[in-house]
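In what follows, a single structure is set out as structure tokens and then discussed.
The chains referred to below are lettered A, B, ... by the order of the sequence lines, with proteins before strands, and numbering in each begins at 1.
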2 protein chains.
Amino acid sequence: MKKTRNTQKQDYVIDILTNAKHTMSVEAILKAMPIKVNKTTVYRILERFAEKGKVHFVTGEDGKAYYALCNDCNVNHEMHNHIHFQCKSCKKVTCLPYEIEVPELKNFEIQETQFLMIGICDMCIS
Amino acid sequence: MKKTRNTQKQDYVIDILTNAKHTMSVEAILKAMPIKVNKTTVYRILERFAEKGKVHFVTGEDGKAYYALCNDCNVNHEMHNHIHFQCKSCKKVTCLPYEIEVPELKNFEIQETQFLMIGICDMCIS
DNA sequence: GTATTATTGCAACATTGTTGCTTTAGTGTG
DNA sequence: CACACTAAAGCAACAATGTTGCAATAATAC
């Protein structure tokens, strides 16, 4: 296992994701940063966290990656079988507390899942 | 309803998707074209077909859109509740014949679904 | 304090997709 | 067929997201 270091910027990313109501794009995380951080840095921080399973991400319908903390995931998770919802209007991606029953597939080795539902959220519909 | 015209290039796109074993990216469709076609043209052809429900697309983990014909979809579909599988190695996206049971959501208006499983396909695993 | 090297910053780039405008070419009508 | 209408296609320039290589910085162990 590679050695890791604790840095202020990594902590900020965790803080921001902890307080987030929705999954966040890199752009949104950058904007939420209290100090100036390079985008490459955020990309690499998230990449490291994703490898460690501390963070997971979904790809939105818009092709952008949206990140969230993995608080409620068990330690040696490889799957995140809950659903995500993306609003077409405000683009926000939300984790929904629904588990999806994943079928057994003979010929494929499944490593991750991304279940995305797209529509209009309650804030935008009214 | 807006008037549409039949063109050779639209037909080629349908031909290519008809013979495709997997969903295809715009890049792949362009390469499969027997004649030179502008990428903007392909984007707009797919956009029109998607509106008409003739074609559907999934967003891969890589953020790219992958297109497939909607042959087996019922006419007034809005949902495509089958699963897609993307291979991390060869990047190919495949439609799988598994339907997902979609939960009822009170506060959200669901318009589409994208269920993506990611891993290694049978061709790449061996 | 010093050495090691993980982390960050920077700049340049790659890829995917979009926009505005002009040109081309289906389609319906006389 | 000739013509008008306008959907579709082409082109160029752009925007957004994400990546890469390398130099600078700073966390950690000794």
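Nearer the 5' end of DNA chain D, as judged by each residue's closest nucleotide, is the contact made by B:I45, out of B:I45 and A:T40. Sequence order on DNA chain C of the closest nucleotides to B:K39 and A:T7 puts A:T7 first from the 5' end. Mapping A:R44 and A:A65 onto DNA chain D via the closest heavy atom, the residue that lands nearer the 5' end is A:A65.
In this structure, the nucleotide among D:dG18, D:dA8, C:dG17 sitting nearest to the side chain of B:K64 is C:dG17. Here C:dT5 is the nucleotide among C:dT16, C:dT5, C:dG26 with the atom lying nearest to any side-chain atom of A:R5. Side-chain atoms of B:K3 lie closest to D:dA7 of the nucleotides C:dT4, D:dA7, C:dT16.
Minimum heavy-atom separation, A:Q86 to A:K91: NE2-O, 3.1 Å. The heavy-atom pair separating A:I29 from A:I16 by the smallest distance is O-CD1, 3.8 Å. Between B:Y67 and B:A65, the shortest heavy-atom contact is CE1-CB, 3.8 Å.
Counting any heavy atom pair closer than 4.0 Å across all strands shown, A:S25 reaches no nucleic acid atom.
Between the A:Q114 side chain and the A:T59 main chain, a donor and an acceptor come within less than 3.5 Å of each other. Using a distance-only test at 3.5 Å, with no hydrogens or angles considered, no donor-acceptor pair links the side chain of A:T23 to the main chain of A:Y66.
The CG-C1' distance, from A:D11 to C:dT7, rounds to 13 Å in whole Å. As rounded to whole Å, 17 Å separates atom P of C:dC13 from atom CG of A:N38. Distance CG (A:L46) to P (D:dT19): 11 Å, rounded to an integer number of Å. Protein atom CG of A:N6 is 14 Å distant from nucleotide atom C1' of D:dA29, rounded to whole Å. Whole-Å rounding puts the A:I29 CD1 to D:dT17 C1' distance at 14 Å. In this structure, CZ of A:R48 is placed 13 Å from C1' of C:dT5, rounded to the nearest angstrom. In this structure, the CZ atom of A:F57 is 10 Å from the P atom of D:dG18, given to the nearest Å. In this structure, A:K52 places its NZ atom 12 Å from C1' of C:dT7, rounding to the nearest Å.
At the phosphate of C:dG9, OP1 or OP2 sits under 4.0 Å from a side-chain N or O atom of A:K9.
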